[in-house]
Enquirer: 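For reference, the structure I am asking about is given below.
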Amino acid sequence: MLKEAKGVVDEKRDEKKNTEQRGRAEEVNTKLAEVFRHIEDSAKGTESEANFKGLFSDFDVQSPKLGNSADERIKKIVAVLDKVGQMKLKGSDNTIDLFGDAYEYLLKMYASNAGKSGGEFFTPQEVSELLARLTTQEQRNVNKIYDPACGSGSLLLKAYRAACAVSDAPVEVCGQEINLTTYNMCRINMILHGVSYDKFDIAREDTLVSPKHWDYEPFDVIVSNPPYSIKWEGDKNPTLINDVRFAPAGVLAPKGNADLAFVMHALSWLSNKGAAAIVCFPGVFYRGGAEQKIRRHLVEQNNVDAVIALPDNLFFGTSIATNVLVLKKNKKDNRVLFVDATREFVKVTKNNKLTEENIAKIADVVKNRRDIEYFSRVVPFDEIEKNKFNLTPSTYVEKPDTREKIDIVALNAEIKRIVAREEELRRQIDLIVADLEGV
């Protein structure tokens, strides 16, 4: 009886505790929802309303990702709020960057632990730096920058800073993202990094079939790390072949591989003085069919400035080696620069990373278009045509011979010495045998 009574008491106590936890969680949820609603409402009726509308629409403090129990989730949320409360958000010229950089650090940490999906919304900072430098180093007074698959906006922000550094007037930022959560992350990233509400426009929709920045194009700088080899409507949609972005190539990217559809879109919206740098899956540079026809169009129209092979294991969620395609509309000749940068990295834990020296070396060779043994080569149109418009850097840049070099003269001398020694040993053995036979 006593044991049963104790069980009832314990059950009641646990039920009370769970009720209290749910109550506290609901209170925190309600308070945060109220705060976020006030933030969004503060922009209603103003010019910045679109940039704040629905900013926290998918925020959920009850998510099991925060913990298995209400108590665990509350502790984590309160800990984060306490840390944010300790940050000096006033009285310092760099507080916005401090807060923004903290947010970006959290994005990086999440991406590094998100498995395959991590690379879908965050481009490593050093890769972003490379793309930003490639597209801005030869420009002055960039008017607008754009990313057709902007993710959380980390790449856009790098390009924004680089563009501001070479521009006298304010720079406008445009981006498009299909995923709701990532779209909201990008807008928050812009706000926290101090990009004025009237200088950025982030849209949510499928860029390839419903682009939202017709009123802004063309762009002087386009950077992008679009999702690799995703499916899209392609020729299933009969209107796309007549779309001004895709029609010039006379063919659409395959339905199962939208990579070159992003490339054609970017090229269409690039200004005559601009530059675009796009991270691409290596297969699009050598596969046949429609992709070969699109590559042919890009080379014949003299829009391919450079193709850069990057090291493997640079990105979150994938270990593949990627290529960077640099596009321009104002090239002075019809040659293409190929760069084999696959050895330009340092090892950091399990991943590879580009150093400042690696980035500078790649950017410099693209700017000056120099031939460097085993690293870069400027290739004429005729050779590319002969190779059926294969744009893989390894086709044109010779790799160093890492095999052990053998000195044939020294080897022959050593063989001669061994043979002579062998003959001497045989002679001595023959003498010993003769002596034994004579005994």
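Values below: every heavy atom of this structure, side chains too, minus hydrogens, waters and symmetry copies.
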Enquirer: Just by distance, do the side chain of Asn387 and the backbone of Asn390 share a donor-acceptor pair under 3.5 Å?
Expert: no
Enquirer: Glu233: what forms a salt bridge (Lys or Arg N to Asp or Glu O under 4.0 Å) with it, not counting sequence neighbours?
Expert: none
Enquirer: Taking atom types as modelled, find out whether Ser210 and Lys212 have a side-chain donor-acceptor pair closer than 3.5 angstrom.
Expert: yes
Enquirer: Evaluate the side chain to side chain contact (heavy atoms under 4.5 Å, CB included) criterion for residues Val324 and Val307: first the C-alpha distance (whole Å), next the side-chain angles of each, then the deciding distance (0.1 Å), finally the verdict.
Expert: CA-CA 6 Å; Val324 175; Val307 182; over 6 Å; no
Enquirer: CG of Asn68: more than 12 outside heavy atoms within 6.0 angstrom?
Expert: no
Enquirer: Answer yes or no: is there a donor N or O on one side and an acceptor on the other, between the side chain of Asn189 and the main chain of Ser152, under 3.5 Å?
Expert: yes
Enquirer: Determine, stepwise, if the pair Glu40 / Lys53 fulfils salt bridge (charged side-chain N to carboxylate O under 4.0 Å, His left out).
Expert: CA-CA 6 Å; Glu40 292 181 10; Lys53 186 177 181 181; over 6 Å; no
Enquirer: Quick one: does any side-chain atom of Asp259 pair with a main-chain N or O of Ser229 as donor and acceptor, under 3.5 Å?
Expert: yes
Enquirer: Got a sec, which pairs hit salt bridge (Lys or Arg N to Asp or Glu O under 4.0 Å) with one end in residues 184-203, sequence neighbours left out?
Expert: none
Enquirer: Sequence neighbours excluded, which residues qualify as ring-ring contact (aromatic ring centres under 6.0 Å, His included) partners of Tyr286?
Expert: none
Enquirer: CZ/Phe285 to CG/Asn323 distance, rounded to the nearest 0.5 angstrom?
Expert: 5.0 Å
Enquirer: Show your working on side chain to side chain contact (heavy atoms under 4.5 Å, CB included) between Val209 and Asp206 and close with a plain yes or no.
Expert: CA-CA 6 Å; Val209 298; Asp206 184 335; 3.6 Å; yes
Enquirer: Test of understanding: with side-chain hydrogen bond (donor to acceptor under 3.5 Å, both in side chains), list the residues that count as partners of Asp243, not counting sequence neighbours.
Expert: Arg245
Enquirer: Any donor-acceptor pair under 3.5 Å linking the side chain of Asn313 with the backbone of Lys350?
Expert: yes
Enquirer: Quick one: which residue pairs count as a ring pair (Phe, Tyr, Trp, His ring centres under 6.0 Å) with a foot in residues 294-313, not counting sequence neighbours?
Expert: none
Enquirer: Are Lys367 and Asp364 close enough for a salt bridge, meaning some N to O gap below 4.0 Å?
Expert: no
Enquirer: Please confirm whether the backbone N or O of Lys328 pairs with a side-chain atom of Asp305, one donor and one acceptor, at under 3.5 Å?
Expert: no
Enquirer: Indicate yes or no: does Glu177 engage Arg204 in a salt bridge with an N to O separation below 4.0 Å.
Expert: no
Enquirer: Under 4.5 Å between any side-chain heavy atoms of Trp232 and Leu252, yes or no?
Expert: yes
Enquirer: Is the backbone of Leu131 close enough, under 3.5 Å, to the side chain of Thr135 for a donor and an acceptor to pair up by distance?
Expert: yes
Enquirer: With the side chain counted from C-beta on, respond yes when Leu298 and Leu267 share a heavy-atom pair under 4.5 Å apart, and no when they do not.
Expert: yes
Enquirer: Is Glu47 atom CD crowded by more than 12 heavy atoms from other residues, nucleotides or ligands, each under 6.0 Å away?
Expert: no
Enquirer: Mark yes when over 12 heavy atoms from residues, nucleotides or ligands other than Lys331 sit less than 6.0 Å from its NZ; otherwise mark no.
Expert: yes
Enquirer: Can you pull the salt bridge (Lys or Arg N to Asp or Glu O under 4.0 Å) pairs that have at least one residue in residues 373-391, sequence neighbours excluded?
Expert: Arg377-Glu383
Enquirer: In a table with atom names and distances, give each donor-acceptor pair under 3.5 Å that connects a side chain of residues 144-151 to protein atoms at least two apart or in another chain.
Expert:
residue : atom : partner : partner atom : Å
Lys144  : NZ   : Tyr216  : O            : 2.4
Tyr146  : OH   : His265  : NE2          : 2.8
Asp147  : OD1  : Ala149  : N            : 2.9
Asp147  : OD1  : Ser224  : OG           : 2.9

Enquirer: Between the main-chain N or O of Val142 and the side-chain N or O of Ser167, is there a donor-acceptor pair closer than 3.5 Å?
Expert: yes
Enquirer: For Thr392 and Ser394, which I'm curious about, is there any donor-acceptor pair between the side chains at under 3.5 Å?
Expert: no
Enquirer: If only side-chain N and O atoms count, and only distance matters, is there a donor-acceptor pair under 3.5 Å linking Thr123 with Asn225?
Expert: yes
Enquirer: What pair of heavy atoms forms the shortest contact from Arg335 to Pro380, and how long is it?
Expert: CG-CA, 3.8 Å
Enquirer: Is there a donor-acceptor pair under 3.5 Å between the side chain of Ser48 and the backbone N or O of Asn51?
Expert: no
Enquirer: Does the side chain of Lys329 pick up a donor-acceptor pair with the side chain of Asn303 at under 3.5 Å?
Expert: no
Enquirer: Listed by chain and number, what are the salt bridge (Lys or Arg N to Asp or Glu O under 4.0 Å) partners of Asp371, not counting sequence neighbours?
Expert: none
Enquirer: Quick one: side-chain hydrogen bond (donor to acceptor under 3.5 Å, both in side chains) partners of Thr349, sequence neighbours excluded?
Expert: none
Enquirer: Going by heavy atoms in the side chains, are Asn257 and Ile230 under 4.5 Å from each other?
Expert: no
Enquirer: Evaluate the side-chain proximity of Phe219 to Leu270: yes if any heavy-atom separation is below 4.5 Å, no if none is.
Expert: no
Enquirer: Checking Tyr396 now: which residues fulfil ring-ring contact (aromatic ring centres under 6.0 Å, His included) with it, not counting sequence neighbours?
Expert: Phe338
Enquirer: Is the side chain of Asn368 donor-acceptor paired with the backbone N or O of Arg370 at a distance under 3.5 Å, no angle test?
Expert: no
Enquirer: Are the side chains of Ile359 and Glu126 in touch, meaning some heavy atoms are under 4.5 Å apart?
Expert: yes
Enquirer: Apply side chain to side chain contact (heavy atoms under 4.5 Å, CB included) to residues Phe52 and Ile191 and explain how you reach the verdict.
Expert: CA-CA 9 Å; Phe52 284 84; Ile191 293 167; 3.9 Å; yes
Enquirer: With a 4.5 Å cut-off on side-chain heavy atoms, are Tyr374 and Val397 touching?
Expert: no
Enquirer: Any chance you could lay out the side chain to side chain contact (heavy atoms under 4.5 Å, CB included) test for Val263 and Leu327, step after step, and finish with the verdict?
Expert: CA-CA 9 Å; Val263 168; Leu327 301 172; 3.9 Å; yes
Enquirer: Do Lys353 and Phe345 come close enough that some side-chain heavy atom pair is under 4.5 Å?
Expert: no
Enquirer: How far apart are the C-alpha atoms of Lys44 and Glu49, what are their side-chain angles, what is the distance that settles it, and do they pass the salt bridge (charged side-chain N to carboxylate O under 4.0 Å, His left out) test?
Expert: CA-CA 5 Å; Lys44 279 188 177 179; Glu49 181 175 355; over 6 Å; no
Enquirer: What are the two closest non-hydrogen atoms of Met190 and Gly153, and how far apart are they?
Expert: CE-O, 3.9 Å
Enquirer: Inspect the surroundings of CG in Asp82 and state if more than 12 heavy atoms from other residues, nucleotides or ligands are less than 6.0 Å away.
Expert: yes
Enquirer: Keeping to residues at least two apart or across chains, list the salt bridge (Lys or Arg N to Asp or Glu O under 4.0 Å) pairs with something in residues 246-256.
Expert: Asp235-Lys255
Enquirer: Can you tell me which residue pairs pass the salt bridge (Lys or Arg N to Asp or Glu O under 4.0 Å) test with a partner in residues 273-299, sequence neighbours excluded?
Expert: Asp220-Lys273, Arg287-Glu291, Arg296-Glu300
Enquirer: Tell me yes or no: between the side chains of Thr181 and Asn184, is some donor less than 3.5 Å from an acceptor?
Expert: no
Enquirer: Do Leu134 and Ile308 make a side-chain contact, defined as non-hydrogen atoms from C-beta onward lying under 4.5 Å apart?
Expert: yes
Enquirer: Gln176 side chain to Glu205 main-chain N or O, any donor-acceptor pair under 3.5 Å?
Expert: yes
Enquirer: Atom CD in Glu138, atom CZ in Arg133: separation rounded to 0.5 Å?
Expert: 13.5 Å
